[in-house]
Number of protein chains: 4
Amino acid sequence: MSITLEQAQAAIKAAHEKSLEMGVKMNIAVVDAGANLTAFARMDDAWLGSLDISIKKAKTARYFDMPTGTIGGLSQPGGSLFGIEHSNLGLITFPGGIPIKNAEGKIIGAIGVSGDSVENDHTVAEAGVQAVEGR
Amino acid sequence: MSITLEQAQAAIKAAHEKSLEMGVKMNIAVVDAGANLTAFARMDDAWLGSLDISIKKAKTARYFDMPTGTIGGLSQPGGSLFGIEHSNLGLITFPGGIPIKNAEGKIIGAIGVSGDSVENDHTVAEAGVQAVEGR
Amino acid sequence: MSITLEQAQAAIKAAHEKSLEMGVKMNIAVVDAGANLTAFARMDDAWLGSLDISIKKAKTARYFDMPTGTIGGLSQPGGSLFGIEHSNLGLITFPGGIPIKNAEGKIIGAIGVSGDSVENDHTVAEAGVQAVEGR
Amino acid sequence: MSITLEQAQAAIKAAHEKSLEMGVKMNIAVVDAGANLTAFARMDDAWLGSLDISIKKAKTARYFDMPTGTIGGLSQPGGSLFGIEHSNLGLITFPGGIPIKNAEGKIIGAIGVSGDSVENDHTVAEAGVQAVEGR
């Protein structure tokens, strides 16, 4: 069971609208259950460097089925996962990546957002998640 | 002057609809004038391996401002550009990538499509181009 | 709007002269608005390892439109962008990379300098910026 | 014994002037005896994809101390060096890369040019070589 393109585009649309409402310029990526890019949008004049980060956040959230910020809490110096960012051709472990679940609570993909503060990135990602989870 | 997200999404939508009409499952990528990914859609059950190919086709078309198939005609064994695919972290030089121009004829981005025969890939890409160029 | 080769070469020349004046051996890179290398100079006997660092500094400054050292302040352990260096095929987030603006204040590229202390790298980069911004 | 920055910049300048004279837009790279980038210039509006190719041509010419086109003659299907482009993070083996020698005939670096037909790329590279070899 994986996120459909229709669901992924709904997540992108909701995250895009939330970004416009907040006045931020985001890169927004959605990956499927296999962590493969399914839909993507880069807002005009969003940071160039955030393109790759948004995709890596979405992949990271699905690779480990948890929000990216949670992993970042474990990958600090002295933490149990210190250095995990070196795997999988590069992870991003600060907030902005969140898994997406279906009605049964099973993870079917993830969204990654980058372009502003990590708090705003997370807020926009959350809007994308809600569009699919419908809560 | 670069393609806007609105234009890129119009290209994706048109290419997607063309794919549905043709009964093919495509990965569709649009890059901006800087060859940076701007919008992307992967249809349900499209080939996994075509994800990267669609993005590389779009980039390749913008890197050299010509359809990917034109480059492929020059990169064959004995051709003047043999082996060019080894540059830029990998090019794809068979059909399916086409530059996108604005009203003044200036190239503002490119589309890349992968998921079926190269003829069908090109046809779907062309539908995306038309949505922006408005012909 | 992107930096021209003429402007980029003026930045390289000014940074080179500043380096000679300071008695340091630098690698100096200028990227355009798309973060693509536009001009580069490696002074005789400059550190080999600084070649890649100078280019990554210039790219990093343009990727996020801020001096590289500012990003480094946020990417420390416990910081909000910890581990951001793993994105975009590698960032460099210590001082020495600075965005370059045009007369209207729009960012048109960036310079990256590496070869000595980060303070000296930054000073030389600043000389390059001034040559274009004309202050 | 390696090419100096002064020599490399003289090669870039001559190649740039030749390009202007021919009405072509080139990416021009010079590497030293260690195949490390020493000077680089990308002319305004030159093909984006040629940036990497120009650097790879210069490196390839120095890696094997012969013009890139000579290697391409040996790397065709059935040739003795078939597939050599897969080494060294990617080689470019069509014309446009030429070694640069000092007065004693010792190779001290190489130039790589990309942006137009391979014949024109080679002609511009040759102009750069002449500026250093002084013939």
Side-chain angles (χ1 to χ4, degrees), chain C residues 1-20 24-59 62 89-90 102 108-115 124 132, chain D residues 1-20 24-59 62 89-90 102 108-115 124 132:
Chain C
M1 187 68 78
S2 190
I3 198 167
T4 62
L5 175 56
E6 191 178 349
Q7 289 173 308
Q9 288 180 326
I12 296 275
K13 185 167 182 289
H16 185 183
E17 286 171 357
K18 185 72 176 177
S19 300
L20 291 172
V24 291
K25 295 168 181 172
M26 297 296 196
N27 291 265
I28 310 161
V30 175
V31 298
D32 65 14
N36 304 297
L37 190 65
T38 301
F40 176 81
R42 194 161 84 82
M43 292 173 68
D44 301 340
D45 300 317
W47 283 332
L48 263 180
S50 285
L51 196 174
D52 183 53
I53 293 176
S54 67
I55 296 174
K56 280 188 166 53
K57 281 184 181 176
K59 285 177 183 270
R62 172 51 184 155
L89 299 175
N102 67 8
I108 56 173
I111 188 169
V113 175
S114 179
V124 169
V132 177
Chain D
M1 186 68 76
S2 188
I3 196 168
T4 62
L5 174 55
E6 190 178 350
Q7 288 174 308
Q9 288 181 325
I12 296 275
K13 185 167 183 287
H16 185 184
E17 286 171 356
K18 185 72 176 177
S19 299
L20 291 172
V24 292
K25 294 167 181 171
M26 298 297 198
N27 291 265
I28 310 161
V30 175
V31 298
D32 65 13
N36 303 297
L37 191 64
T38 300
F40 176 81
R42 195 162 86 80
M43 293 173 68
D44 301 342
D45 300 317
W47 282 331
L48 265 179
S50 285
L51 196 174
D52 183 55
I53 293 176
S54 67
I55 296 174
K56 282 188 163 51
K57 281 182 180 175
K59 286 178 183 269
R62 172 52 184 155
L89 299 176
N102 66 8
I108 56 174
I111 186 169
V113 175
S114 179
V124 169
V132 178

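All chains are named by letter (A, B, ...) in the order of the sequence lines, taking the proteins before the strands, and each is independently numbered beginning at 1.
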(request) Kindly give the heavy-atom pair with the smallest separation between D:Leu5 and C:His16, and that separation in Å. (result) CD2-CE1, 3.5 Å
(request) Specify the closest pair of heavy atoms between D:Gln9 and C:Ile12, including all atoms of both residues, with the distance to one decimal. (result) NE2-CG2, 4.5 Å
(request) Answer yes or no: are there more than 12 heavy-atom neighbours, outside C:Leu89 itself, under 6.0 Å from its atom CG? (result) no
(message) Using 0.5 Å steps for rounding, measure from the CD atom of D:Gln7 to the CG atom of C:Asp44.
(response) 8.5 Å
(message) Report, in residue-number order, which members of residues 32-40 of chain D are under 4.5 Å from chain C by heavy-atom distance.
(response) D:Asp32, D:Asn36, D:Leu37, D:Thr38, D:Ala39, D:Phe40
(request) Report, by ascending residue number, the residues of residues 45-54 of chain D in heavy-atom contact with chain C at a distance under 4.5 Å; give 'none' if the set is empty. (result) D:Leu48, D:Leu51
